[in-house]
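Input: a single structure, listed below in C-alpha cells.
Each residue takes its place number in the sequence, starting with 1.
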Amino acid sequence: MNKKIGIIIGIVLLAFLVIGASSAGFLDFLGGNGTADNDNKTLVVGFDAEFPPYGYKDDNGEYVGFDLDLAQEVCDRNNWTLVKQPIDWDAKDSELDSGSIDCIWNGFTINGRENNYTWSKPYIDNKQVVVVKTDSGINNLADLKGKIVETQKDSSALAALEGDQKSLADTFKTLTQIADYNTAFMDLESGACDAVAIDIGVAQYQINQKGSDQYKILDEEISSEQYGVGFKKGNDELKDQVQKTLDEMFEDGTVEKIAQKYNTYGVPGSLITK
C-alpha cells in the first residue's frame with residue numbers, strides 16, 4: 001500500500017472513531033435514548049426548584065427540601081438512584097406523560113386533581129395564605145380591596161382565588177400571575193404589588209430568609225389542601241412501591257425526623273400521620 005494512502009486511511013478511521021465517541025457523549029449529555037437515566041432502578045422526581053421548603057436550591061447550589069429528602073430516603077431503601085429533575089411547573093403534565101419524569105413530588109396538591117393522576121396517600125395538610133409587608137396597613141382579607149395581589153401560575157392559591165374565593169379576588173385591583181415566588185417577593189419588597197397569595201410553608205421560608213420583622217402572614221387563610229406524590233395515571237406499580245416505603249418511614253419515625261429539619265417552616269405540624 002502506498003504510504004501516503006495508508007496515512008490518509010488511518011486519519012479517516014481515527015476521525016470516525018472521534019466523531020462516534022463525541023456523538024455518544026453528546027447524546028448522553030442530552031439524555032441519550034431516554035432510557036439510560038430512567039430505568040427501574042432510577043426514580044426521576046420532577047419538582048419546582050423554587051418552592052421551599054419542599055424543593056429548592058440552597059446557598060451551595062444543591063437541590064434540597066423536605067420532599068426531596070423523603071424521595072432520597074425512599075430510593076435508599078429500595079436501592080434506587082434518585083434523579084432530582086427541576087421542571088417548569090407549567091410543563092409538569094407533559095414531562096410526566098412523556099416519561100421524562102416518574103412522578104411529581106414537590107408540595108403537589110391533590111385537591112381538584114384527584115382524577116388527573118395516580119396519587120399516593122396525602123402526607124401534608126397545607127394552607128394558602130396571604131403575605132404583606134408589616135407596615136402595609138393590611139390586616140385582613142377585606143383590606144385587600146383595591147390592592148395588587150400576585151400568585152404563582154397554576155398554583156393552589158390561584159385555583160382558590162379563581163374558584164371558591166373568586167368573590168374575594170374580584171375585590172382586588174388586579175390578580176397577577178407570576179412564574180415563581182422569588183419574583184413575587186421581590187415585587188412585594190419593591191412595592192410593585194401589595195400582597196402575595198402563597199402556600200404557608202413557602203411563605204414561612206421566604207419570611208425567615210428576608211426578615212420576620214418586614215413581612216407578616218394574615219390570620220385568615222384562603223384555603224387548605226392536601227399534598228401527595230403524583231404519578232402518571234395508571235402507574236399503580238410504582239405508586240404502590242413508593243407508598244409501601246413511605247408507610248414504613250412513617251411507622252419508624254423517619255418522616256417525622258426529616259420534617260424536624262424544616263421545623264422553622266411549620267412542616268412537622270402539617271404532617272398527616274393517620
Side-chain angles (χ1 to χ4, degrees), residues 47-59 65-66 86 88-92 106-109 111-113 124-227 262-267 269-270:
F47 69 102
D48 178 352
E50 296 182 343
F51 199 72
Y54 298 98
Y56 60 102
K57 185 180 286 188
D58 67 11
D59 294 337
F66 175 62
D88 182 338
W89 198 243
D90 288 342
K92 60 185 178 299
N106 188 213
F108 194 28
T109 302
N111 309 72
R113 298 185 176 114
I124 285 283
D125 264 324
N126 186 56
K127 296 177 181 178
Q128 303 301 315
V129 297
V130 174
V131 176
V132 297
K133 281 187 171 181
T134 304
D135 60 0
S136 65
I138 300 171
N139 298 307
N140 52 54
L141 296 180
D143 290 340
L144 295 173
K145 183 177 181 180
K147 305 298 185 182
I148 299 171
V149 180
E150 291 190 353
T151 194
Q152 188 181 37
K153 295 177 182 177
D154 199 32
S155 66
S156 298
L158 177 63
L161 291 168
E162 290 182 335
D164 294 342
Q165 291 281 17
K166 187 176 184 304
S167 59
L168 171 64
D170 288 342
T171 69
F172 303 163
K173 180 178 181 180
T174 60
L175 175 60
T176 304
Q177 299 180 38
I178 42 81
D180 58 78
Y181 284 121
N182 285 332
T183 301
F185 268 81
M186 285 190 290
D187 288 346
L188 185 59
E189 183 177 5
S190 69
C193 74
D194 301 299
V196 177
I198 187 172
D199 297 71
I200 190 168
V202 185
Q204 290 168 329
Y205 173 85
Q206 291 282 0
I207 290 172
N208 278 288
Q209 290 289 104
K210 300 178 184 301
S212 57
D213 59 330
Q214 301 295 313
Y215 304 94
K216 65 181 180 181
I217 299 173
L218 299 185
D219 291 336
E220 298 170 271
E221 64 189 55
I222 298 173
S223 65
S224 61
E225 63 193 4
Q226 294 182 325
Y227 286 167
Y262 304 93
N263 183 52
T264 306
Y265 316 120
V267 174
S270 299

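Nearest heavy atom pair, residue N139 against residue D143, reads N-OD2, 2.9 Å. Shortest non-hydrogen contact noted between P52 and Y205 is CG-CD2, 3.0 Å. Here the closest heavy-atom approach between residue G55 and residue N106 is recorded as N-ND2, 3.3 Å. Nearest approach of A203 to I198, heavy atoms of both residues: CB-CG2, 3.6 Å. Taking both residues in full, the closest heavy atoms of Y56 and G65 are given as CE2-CA, 3.9 Å, listed atom of the first, atom of the second, then distance. The two residues N111 and Q226 have their closest heavy-atom pair at OD1-N, 2.8 Å.
Listed by first and then second residue, the side chain to side chain donor-acceptor pair (under 3.5 Å) pairs involving residues 155-166 are T109-S156, T151-S155, S156-E225, K166-D170 (not counting sequence neighbours).
Within a 6.0 Å sphere centred on CD of E189, other residues, nucleotides and ligands contribute 12 heavy atoms or fewer. Within a 6.0 Å radius of NZ in K145, other residues, nucleotides and ligands contribute 12 heavy atoms or fewer.
Taking the centre of each ring, F66 and Y265 stay at or above the 6.0 Å mark.
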Go through the steps for F108 and R113 under the test side-chain contact (heavy atoms from CB on, under 4.5 Å), then give the verdict. CA-CA 10 Å; F108 194 28; R113 298 185 176 114; 3.5 Å; yes
Yes or no on side-chain contact (heavy atoms from CB on, under 4.5 Å) for I222 and K127, after CA distance, side-chain angles and deciding distance? CA-CA 7 Å; I222 298 173; K127 296 177 181 178; over 6 Å; no
- For side-chain contact (heavy atoms from CB on, under 4.5 Å), just list the numbers for N126 and I200, CA-CA rounded to whole Å, side-chain angles, deciding distance to a tenth of an Å, and then say yes or no. CA-CA 7 Å; N126 186 56; I200 190 168; 3.5 Å; yes
For this session: Starting from the C-alpha separation in whole Å, work towards a yes-or-no answer on side-chain contact (heavy atoms from CB on, under 4.5 Å) for L144 and I138.
Result: CA-CA 7 Å; L144 295 173; I138 300 171; 3.8 Å; yes
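Considering CD of E50 and OG1 of T183, their distance stands at 6.5 Å, rounded to 0.5 Å. Of the inter-residue distances, the one linking D180 atom CG with M186 atom CE reads 7.0 Å to the nearest 0.5 angstrom. For the atom pair CG of D59 and CD of Q209, the computed distance is 7.0 Å after rounding to the nearest 0.5 Å. Taking NZ of K133 as the start and CG of L188 as the end, the distance is 6.5 Å to the nearest 0.5 Å. Taken from CG in D194 to CG in D187, the straight-line distance is 11.0 Å, to the nearest 0.5 Å. Annotation: the span from I207 atom CD1 to T264 atom OG1 amounts to 12.5 Å, rounded to 0.5 Å.
Looking at residues two or more places apart in sequence or on another chain, you find a side-chain contact (heavy atoms from CB on, under 4.5 Å) between A49 and F47, Y63, P86.
In the model, Q128 has a side-chain atom that pairs as donor or acceptor with a side-chain atom of D199 under 3.5 Å.
Distance alone, capped at 3.5 Å, places no donor-acceptor pair between the S270 side chain and the I124 backbone.
For the pair L158/Q152, no side-chain contact is recorded, criterion being any heavy-atom separation below 4.5 Å from C-beta on. Side-chain contact between T176 and C193 is absent, with no heavy-atom pair separated by less than 4.5 Å. Residues F185 and V131 form a side-chain contact, since some pair of their non-hydrogen atoms from C-beta on lies under 4.5 Å apart. Side-chain contact between V130 and E220: absent, with no pair of heavy atoms (C-beta onward) separated by less than 4.5 Å.
Ring orientation note: the planes of F51 and Y181 are tilted relative to one another, at an angle of 30° to 60°.
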